[in-house]
Amino acid sequence: MTRAALLILADGRFPAGGHAHSGGAEPAVTAGRIRDADDLAGFCRGRLHTAGLTTAALAAAAALGLDPLALDDAADARTPSPALRATARKLGRQLMRAARHTWPGPELDALAAARPRGAHQPVVLGLTARSAGLTPEDAAHCAAYEAVGGPATAVVRLLSLDPFEATAVLARLAPDLDRVVEQAVAAARQGIDALPSASAPLLDIAAEIHAAQPVRLFAS
């Protein structure tokens with residue numbers, strides 16, 4: 001295992017397309033639910049313990065070597081919003097391209113062939129971590145951090161929020177991140193049926209509304 005690989009995979013500059021997505025922050029800003037750093041903290045904490053927990057567990061399970069096609073079906077079942085399913089597969093396809101160039105391997109090739117339109121992003125993330133020689137904990141940390149890092153970065157642009165404030169929000173969430181990763185990995189080690197399906201109905205509803213908007217800064 002190499003920590004350098006973890007840094008590369010978790011880097012926001014890794015060319016996987018995440019910069020174009022707000023993780024639900026844009027519709028929350030539009031609706032007035034995020035207006036400042038305190039609102040951002042509440043939004044990120046809620047997202048982390050719901051959608052973030054689910055994606056972290058899927059990523060950990062893929063890194064453990066569980067069947068990625070079965071995990072992709074499990075991700076579908078845990079993503080009730082059609083807009084979010086489409087986004088997850090688009091991001092998975094973009095991540096797959098970057099992963100196969102960076103850490104090529106037969107498992108990534110097999111999943112790409114089986115899901116040419118893209119597998120769910122956390123499944124691809126976990127398989128990418130596995131190909132890079134990382135642990136399930138590493139994969140879960142990447143997924144959990146993405147769940148809050150994306151919205152925090154987006155809100156800096158959407159509200160001209162002070163980036164120091166946004167970074168402080170993420171730093172204060174560090175203990176929550178560690179707890180979510182611990183829960184996610186523990187569930188993944190019990191198998192696919194034990195994976196969490198924590199729901200965030202407001203994120204699902206907002207995603208459908210956002211997808212229908214004619215003018216958007218972010219794709220999701």
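What you see below is based on every heavy atom in this structure, not just the backbone, and it leaves out hydrogens, waters and symmetry mates.
- Within 6.0 Å of CZ in F218 there are more than 12 heavy atoms belonging to other residues, nucleotides or ligands.
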> salt bridge (charged side-chain N to carboxylate O under 4.0 Å, His left out) between R47 and D204: does it pass, once the steps are laid out?
Replying inline: CA-CA 11 Å; R47 192 170 196 275; D204 296 332; over 6 Å; no

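- Remark: the backbone N or O of A51 is paired with a side-chain donor or acceptor of T55 at under 3.5 angstrom.
- Two residues are said to be in side-chain contact when any heavy atoms from C-beta on lie closer than 4.5 Å; T153 and H19 fail this criterion.
- Annotation: side chain of T50 is not in contact with side chain of S199 (no heavy-atom distance under 4.5 Å).
- Each of L158 and L202 belongs to its own hydrophobic cluster when Ile, Leu, Val, Met, Phe, Trp and Tyr are linked at side-chain heavy-atom distances under 4.5 angstrom.
- A pairwise comparison of heavy atoms in G126 and A139 identifies CA-CB, 4.1 Å as the closest pair.
- Going from atom NZ of K90 over to atom NE2 of H21 covers 5.0 Å, rounded to the nearest 0.5 Å.
- Rounding to the nearest 0.5 Å gives a distance of 13.5 Å between CZ of R172 and CG of L177.
- Going from atom CG of D72 over to atom CG of D67 covers 10.0 Å, rounded to the nearest 0.5 Å.
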>> Please evaluate residues R85 and H120 with respect to the criterion side-chain contact (heavy atoms from CB on, under 4.5 Å), reporting the C-alpha separation (whole Å), side-chain torsions for both, the decisive distance (0.1 Å), and the verdict.
In response: CA-CA 8 Å; R85 286 199 298 272; H120 277 259; 4.3 Å; yes

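- If you chain together hydrophobic residues whose side chains sit under 4.5 Å apart, V123 and L9 fall into the same group.
- Using modelled atom types, one finds a donor on one side chain and an acceptor on the other under 3.5 Å when comparing Q121 with E146.
- Going from atom CG of D109 over to atom OG of S131 covers 8.5 Å, rounded to the nearest 0.5 Å.
- Looking at R78 and L195, their side chains come closer than 4.5 Å, going by heavy atoms from C-beta outward.
- Not a single donor-acceptor pair under 3.5 Å links the side chain of E26 to the backbone N or O of A154.
- I205 and V29 are members of different hydrophobic clusters when ILVMFWY side chains are connected at heavy-atom separations under 4.5 Å.
- The heavy-atom pair separating A37 from E165 by the smallest distance is CB-OE1, 3.5 Å.
- A salt bridge links R89 with D76: the distance from a Lys NZ or Arg NE/NH1/NH2 to an Asp or Glu carboxylate oxygen falls below 4.0 Å.
- Residue pairs meeting the ring-ring contact (aromatic ring centres under 6.0 Å, His included) criterion with at least one member in residues 187-215, sequence neighbours excluded, do not occur.
- Interatomic distance, L125 CG to R130 CZ, rounded to the nearest 0.5 Å: 14.0 Å.
- For the pair V155/I34, a side-chain contact is recorded, criterion being any heavy-atom separation below 4.5 Å from C-beta on.
- Scanning both residues, L69 and A114, for their nearest heavy atoms gives CD2-CB, 3.7 Å.
- You'll find the side chain of L173 reaches within 4.5 Å of the side chain of C44, heavy atoms only.
- Counting non-hydrogen atoms of neighbouring residues, nucleotides and ligands closer than 6.0 angstrom, the CZ atom of R216 exceeds 12 such neighbours.
- Here the closest non-hydrogen pair linking G52 and A147 is CA-CB, 3.7 Å.
- No continuous path of hydrophobic side-chain contacts links I8 to Y145 [ILVMFWY only; heavy atoms under 4.5 Å].
- The local environment of CD in E182 is sparse, with at most 12 non-hydrogen atoms from other residues, nucleotides or ligands closer than 6.0 Å.
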> Between R189 and E137, is a salt bridge (charged side-chain N to carboxylate O under 4.0 Å, His left out) present by the stated rule, with each step listed?
Replying inline: CA-CA 11 Å; R189 293 190 186 280; E137 288 80 6; 3.1 Å; yes

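- Contact check for F14 versus L95: side-chain heavy atoms found under the 4.5 Å cut-off.
- Closest approach of L127 and E107 over heavy atoms only: CD2-O, 3.5 Å.
- You'll find the side chain of P27 reaches within 4.5 Å of the side chain of S22, heavy atoms only.
- Closest approach of A25 to F43, counting heavy atoms only: N-CZ, 3.8 Å.
- Under the 4.5 Å side-chain contact rule for hydrophobic residues, L53 and I192 do not share a cluster.
- In this structure a side-chain-to-backbone donor-acceptor pair under 3.5 Å is missing from T79 to S81.
- Atom-to-atom distance recorded for C142:SG and L6:CG is 5.0 Å, nearest 0.5 angstrom.
- Contact annotation: the side chain of H49 approaches that of V180 to within less than 4.5 Å [non-hydrogen atoms, C-beta and beyond].
- Between D39 and R33, no side-chain nitrogen of the basic residue sits less than 4.0 Å from a carboxylate oxygen of the acidic one, so the salt-bridge criterion is not met.
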